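Following: one structure in structure tokens, then a few remarks.
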Amino acid sequence: MTASQQARPDSGAETLTPEEFRVRLSEWLRAQARPSPAEDHSSLEERISRGARLIAALYEAGWNRYGWPSAVGGIGGDIRHRAVLYDELCRADVEIPEQNVILEVVAPALVAFAPDVAARRLPGVLRGEEILCQGFSEPESGSDLAGLRCRATFDAATGDFVVNGQKIWTSFGHVADHIVLLCRTGTTESRSRGLTMLLVDLRAPGVDVRPIRFANGENELSEVFFHDVRVSQDHLIGDVDDGWSVATYLLQFERGMYAWMRQAVLSSRLRMLAAQLDSRGDGGDGHRERLGAAVLAIAALRARSSHTVQTLALGDTVGPAASMDKLLLATAEHAVYDASRDLLCPDFALDDTQPGILQWRAEWFYSRAASIYGGAAEIQRTIIADRVLNLPRE
Amino acid sequence: MDNDFERSLRDTLRAVISESASDRIGKELDDLGWSELVSETPLAFSLLYDELGRAARSTALIDQLVLSELGSPLAGCCDAVVYQAPAQDLRPPAQCNVDGIIVDGWAMNPPDMDERLLIWSAKHSEQSPAAIAITTLRSAPGLDIRPANTLDSEGSWVRITGRVLHSEAETITDFHGQLRDGVRTSARRAAAAEMAGLAHGILGLAIEHVATRTQFGRPIGSFQAVRHRLADARTLAAGTDALLEDAWDTGSAESADLALAYAGHAHRLIGSHCLQVCGAMGLTWEHDLHRYLRRGYTLDAAFGPAARITEYFGAQLIARTANSESRHSAEARST
């Protein structure tokens, strides 16, 4: 993409409202050369480099700097501007850079709990030059996050933390530069009270990142090993032993903004599915009902996550009710991709030379993770039962 | 509407609804100045339908929203609405031809002889555009009224069939169907709001039951299988509420259709989760659950049904894609 002069936002001038931003951005997107249709299927690494080029173009024109404070390379506005950015990209059928998925989950916590770290790292991320990832889960701590064991020990002599342990299921770990790492500083029994959040350079000595081949054949995830990795204390995010607050804050954005991004992507993918069915002359009766059910699932997710994003924009806390957003997200993911599997039958299973099939297959497998990552659906249901419905405890 | 106002309005509505017979609720609200309230705060309607649903009260008050949202030239011309048969796209209930309008629809209440009925007809053919007719039972002797045998056994639904001659009604040609769409949108939004209320009401009954019913020495609401079903039910209700909020905000036909279709599916699923966890007690006449199901299924059938609207959204998606593809290729050819 090349930057077009006439429609770019006036950096430094009065901040555009989200609606003005939407109008100008969509004008700009229309003025861009339509990206050549992506080759049938691309690896994660290819998508990451395509994403980096798009981020650089958006940065150059100013669009992805909206919604971030100037201290981190932004030009003001709030989360609603970012929500509009993703919505409009998908409306124009432009793929959201994978990098931004993690950016949206971790960066708000960096800005809130570690402004200095944010000011050092985020400008490079917004330019598309650096990639962040998030290290929470461990082999023995999936849904039971508070039981995690990766340890950070403070070395008073050097003023560094020394990190030892292992993380797993780290999205984009093998292409990332830094990891937002939740580690144990208290005793194992301290559960959520003895955790600390650090930003760790993945190029530091003692870090070993190994990609995990996901069920779709892609390197979506990694495991990350830490052996005596030294992290200076100015990489602390929040206070020592207060990592749970940072994690809780961060998860609000995963429930809110990540869900919003996905509804935009899912709408775009569902349009693609309808177009493919139509071009196969395949608009059967059962198809209409399946597609319609997916439209409804996405609409509910959109309405709900829009509400959550507005709440976050006001600076209010998103409570346990956000677990319902998470369940609606998984429902919508499954509705869209199960429809692709079933309606593109038999090619989905039998013939990957047909257009788009490789991508549908890869994404179908990834959609199954939607009821697992960020707290499995069962954890969300328990939160809703306890804290929204106030049912008798188990 | 701020939170305090909403709370006090809900309290008032709850009191009126619980203290009045179903056919008196509208009158009681009028005495409290309902029409002034909704002319200033139309969103009060959203609370009214929600509260009616939560109490499972079968009224004809959906008409009120439809009538209040009628724009020119219909505003103030009618007292009650004759709704189309649900399978409108297969079997237009009210067809307009040279002699008059053939009517096949429902009203939520038996009309008086002199109530002005709003009847809309589908487009019959290219030659005969759709029309809206306003008439009374007295002026249109060809209309036949009989009680409808609906599942909503507390409702007063009536079936209205027959023919209205052009000379017996004031007829307004509805060239592009906007008048009809407006009526349908208002009715669907109101019905969706009531169904959302029904869903919350069902959940409330189930929560109460599982918190008090004890088996194996503990409340059954402490078993994960029960808790998770109710968490899913609550999530469906949240999805309905969010879509309804959009529908009230925008007032668009699409948002009302989305809300009603989602509300219909959600009500069914919430109903089956809650019936299950209420056990045999939930299947007795004495337990209120069946009232919530009866009313909900009836609203869905009369104003949806959800399955049909869902199919329509699927068809729309394919049609829009096809249009935009042909537009793209047309652009490509012209450049």
Side-chain angles (χ1 to χ4, degrees), chain A residues 34 93 267 270-279 282-308 321-328 330-332 339 343 377-378 380-394, chain B residues 203-204 206-207 210-212 214 218-224 226-247 249 254-255 257-259 261-266 306-325 328:
Chain A
R34 281 185 83 79
D93 291 324
S267 297
L270 190 65
R271 285 198 300 274
M272 175 59 74
L273 177 60
Q276 285 182 358
L277 290 170
D278 188 58
S279 70
D282 201 355
D285 286 359
H287 292 190
R288 290 200 294 271
E289 199 169 348
R290 285 298 288 279
L291 294 173
V295 168
L296 289 183
I298 297 171
L301 175 65
R302 179 181 175 86
R304 180 82 201 170
S305 62
S306 152
H307 200 267
T308 304
S323 289
M324 298 194 283
D325 300 34
K326 187 77 188 354
L327 292 185
L328 291 172
T331 306
L343 304 187
E378 288 70 20
Q380 309 303 335
R381 291 189 181 103
T382 295
I383 293 172
I384 296 163
D386 285 345
R387 297 173 60 200
V388 178
L389 298 176
N390 295 311
L391 292 181
R393 299 285 167 131
E394 274 175 46
Chain B
L203 252 168
I207 289 168
V210 305
T212 49
T214 302
R218 51 196 263 215
I220 60 170
S222 67
F223 290 100
Q224 190 178 63
V226 171
R227 291 156 57 81
H228 283 192
R229 268 184 176 254
L230 293 183
D232 281 339
R234 181 64 184 79
T235 303
L236 287 159
T240 310
D241 291 344
L243 285 170
L244 261 173
E245 207 175 309
D246 270 3
D249 278 354
E254 179 174 296
S255 67
D257 290 353
L258 281 172
Y262 196 90
H265 291 300
R308 182 66 55 81
I309 306 176
T310 306
E311 216 183 309
Y312 165 79
F313 276 117
Q316 280 281 94
L317 189 72
I318 295 176
R320 281 182 194 162
T321 315
N323 290 341
S324 88
E325 297 246 305
H328 277 309

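All values below come from the heavy atoms of this structure, side chains included, with hydrogens, waters and symmetry mates left out. This structure is a prediction, so every number in the text was calculated from the model and none was measured. Throughout, a chain's letter reflects where its sequence line sits, starting with A, and its residues are numbered from 1.
- Annotation: the span from A/L327 atom CG to B/T235 atom OG1 amounts to 4.5 Å, rounded to 0.5 Å.
- Scanning both residues, A/L328 and B/Y262, for their nearest heavy atoms gives CD2-OH, 3.5 Å.
- The shortest non-hydrogen separation linking B/A242 to A/R304 is CB-N, 3.7 Å.
- Atom-to-atom distance recorded for A/L273:CG and B/L317:CG is 8.0 Å, nearest 0.5 angstrom.
- The candidate from A/L301, A/I384, A/L296 with the greatest count of non-hydrogen atom pairs under 4.5 Å with chain B is A/L296.
- Side-chain N or O atoms of A/R288 include none that pairs as donor or acceptor with a backbone N or O of B/T310 at under 3.5 Å.
- When all heavy atoms are compared, the tightest approach of B/H228 to A/R381 is CD2-CB, 3.4 Å.
- Looking at A/L270, the atoms closer than 4.5 Å to chain B (heavy atoms on both sides) sit in the backbone and in the side chain alike.
- Contact check for B/I318 versus A/L277: no side-chain heavy atoms found under the 4.5 Å cut-off.
- A pairwise comparison of heavy atoms in B/L243 and A/A299 identifies CD2-O, 3.5 Å as the closest pair.
- Most heavy-atom pairs under 4.5 Å with chain A: of the set B/L258, B/D232, B/L230, B/D246, this distinction falls to B/D232.
- Between B/T321 and A/A275, the shortest heavy-atom distance links the atoms CG2-CB, 2.9 Å.
- The environment of CZ in B/F223 is crowded: more than 12 heavy-atom neighbours from other residues, nucleotides or ligands sit within 6.0 Å.
- Heavy atoms of B/E245 lying under 4.5 Å from chain A belong exclusively to its side chain.
- Neither the backbone nor the side chain of A/Q380 comes within less than 4.5 Å of any heavy atom in chain B.
- For chain B, the nearby parts of A/T382 are the backbone and the side chain; heavy atoms of each come within less than 4.5 Å.
- Of all the heavy atoms in A/A385 and B/A231, the pair that sits closest is N-CB, 4.4 Å.
- Put simply, of B/Q316, B/R218, B/Q224, B/R229, the one with the most heavy-atom pairs under 4.5 Å next to chain A is B/Q224.
- For A/N390, no part lies near chain B; criterion is any non-hydrogen pair under 4.5 Å.
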